[in-house]
Amino acid sequence: MPELPEMETYRRLLTEQLACRTITDVEINREKSININSGQFKSQLIKAQITDIKRRAKHLIFKLSSGKNLLLHLMLGGWMYIGNEEDNPDRTKQVIISIGDKKLYFIGLRLGYLHLLTDTELEKELADLGPEPIDQTFSFPVFRELIGSRRGMLKTTFVNQQFLSGIGNCYSDEICFEAGLLPMKKADELDEDEIKILYQSLKGVLTRAIQFGGYMEEPLFRGDTKTGGYNELCRVYDREGEPCLRCSSPIVKEEISSRKTFYCRNCQK
DNA sequence: AGGGCAACCCGGACGC
DNA sequence: TGCGTCCGGGTTGCCC
C-alpha cells in the first residue's frame, strides 16, 4: 500500500506533470470518495489552478489558486494514473480530474478519499500526525526521545501515525530487517546502540526507497520509469519462504497485531 | 499505554 | 463466459 516513499514519488512526478496547470473538468463516479456534494466539488475545482503539490505523511495536498486544498489519502489499494481519453488503465475510476487534454485518474479508492478543505480544516485533519521521518529536523536526539517514551513492539510503534508519520506495513518490516531487529521486539528493551542502528535504518531505508521511486508496481504514466524501482529492492516484505539476502534462511510471515509481518528468524534479534 | 478487534469499503481475484 | 464469494488493509474507535 502506498506509504511515504510512494507518496513522495507521486508528489515529485505529479508536480512535474501538473503544477501551475488549470483544472478543466472533474468527473465523480463515487460520491463517497469526496466530502461535499459533487456539484459543489466540481464548481470549486474547475478553472482553479494547481499552484503546488505538497505531501504530509501518506497524504498529498493539491494547493489550489482559490486558496482551498484538495487532500488525498489513497489508503488501501488506491493509485493514480495520468493519461488521456484513450491511454488509461482498464479499471474502475472513482474520480477523474482533467487538465486540458491530460486526465488524472484516481483508481482503487475504497476507503481512500479526496477532500476539499480550507486551510483551517486541513490543519485540523492533519493535527494528530507524528513527525516526518525524512525531515532534516528529525535528528537522532529527537528520535531517541520519542522512542524512549514507547513500550510496545517495534512493528506497532512504526505503523502508528501519531508516533511517526508515513510508515506502513512494508517499510516497518524493511526498517526492522535493515536494523537486524525483530519486529516484535519491545521499544523499551532497546539499548543505545540499537536505537542508533534503528534510527540509521529508518533514514536509510526511506531515503533509498524515495530515490528508487517506492515499491508501487503501477506506473504513473506511459513511459514512467521512475515509479516502483524499490519493488525489487524490498528485502523481506512479500518474500515469504524466499531466502534471506543476508543469511539465506527462509523469510517468515507472521501476523503481529493483525498485520502481516515479514522477517528473518535467524538474523533479526 | 498498549494490545486486540470490529467496522469501514468494494474492486477484483478466484472458484465453480 | 458468468455468477457468487471473499480478501485486503490504513485508520478510527472502543474495550480491557
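Chain A is the first sequence line, chain B the second, and so forth, proteins listed ahead of strands; every chain is numbered from 1. In what follows, every heavy atom counts, from backbone to side chain, and hydrogens, waters and symmetry copies are set aside.
Put simply, A/T92 has a side-chain N or O that comes within less than 4.0 Å of OP1 or OP2 on B/dG12. For A/Q161, no side-chain nitrogen or oxygen approaches OP1 or OP2 of C/dG10 to under 4.0 Å. Residue A/R91 has no polar side-chain atom (N or O) positioned under 4.0 Å from OP1 or OP2 of B/dG11. OP1 and OP2 of B/dC8 both lie 4.0 Å or more from every side-chain N or O belonging to A/K32. OP1 or OP2 of B/dG4 has at least one side-chain nitrogen or oxygen of A/S257 nearer than 4.0 Å. Between A/R150 and B/dG2, a side-chain N or O to OP1/OP2 separation shorter than 4.0 Å is present. Contact annotation: A/T156 side-chain N/O to B/dG3 OP1/OP2 distance is under 4.0 Å. Using a 4.0 Å cut-off, some side-chain N or O of A/H73 falls inside it from OP1 or OP2 of C/dT11. Remark: A/R30 is in phosphate contact with B/dC10, judged by side-chain N or O atoms under 4.0 Å from OP1 or OP2.
Between the side chain of A/R151 and the base of B/dG2, no donor-acceptor pair under 3.5 Å is found.
Remark: P of C/dT11 and NE2 of A/H115 are 14 Å apart, rounded to the nearest angstrom. A/R56 places its CZ atom 18 Å from the P atom of C/dG10, with the value rounded to the nearest Å. If you take CG of A/L129 and P of C/dG10, they are 15 Å apart, rounded to a whole angstrom. To the nearest angstrom, C1' of C/dT11 lies 16 Å from CD1 of A/I167. Per the geometry, CD1 belonging to A/I107 stands 13 Å off P belonging to B/dG11, to the nearest Å. Atom CE of A/M75 is separated from atom P of B/dG11 by 16 Å (rounded to the nearest Å). Atom OH of A/Y237 is separated from atom P of C/dG8 by 11 Å (rounded to the nearest Å). Whole-Å rounding puts the A/I34 CD1 to B/dC9 C1' distance at 16 Å.
The salt bridge (Lys or Arg N to Asp or Glu O under 4.0 Å) test with A/R56 singles out one residue from A/E125, A/E123, A/E132, and that residue is A/E132.
Side-chain contacts under 4.5 Å among hydrophobic residues (ILVMFWY), followed directly or transitively, place A/I197 with no other residue at all.
In this structure, the separation between CG on A/L13 and CD on A/E8 is 10.0 Å, given to the nearest 0.5 Å.
Seen from the ring of A/F140, A/K196 counts as a face-on cation partner, given the 6.0 Å and 45° thresholds.
For the pair A/L111 and A/N160, both in contact range of DNA chain B, the more 5′-proximal nearest nucleotide belongs to A/N160.
Using a 4.0 Å heavy-atom cutoff across all strands shown, A/E255 reaches no nucleic acid atom at all. Residue contacts for A/G168: at a heavy-atom cut-off of 4.0 Å it reaches no nucleic acid atom on any strand shown. Using a 4.0 Å heavy-atom criterion, one finds that A/M1 contacts the sugar-phosphate atoms exclusively. A/R259 comes within 4.0 angstrom of a base, heavy atoms only.
In this structure, A/R222 does not pair ionically with A/D224, as no charged nitrogen and carboxylate oxygen lie closer than 4.0 Å.
Candidate nucleotides C/dG10, C/dT12, B/dG11 were compared by shortest atom distance to the side chain of A/Q94, and B/dG11 ranks first.
Heavy atoms only, all atoms of each residue included: A/N88 and A/K93 are closest at OD1-NZ, 2.7 Å.
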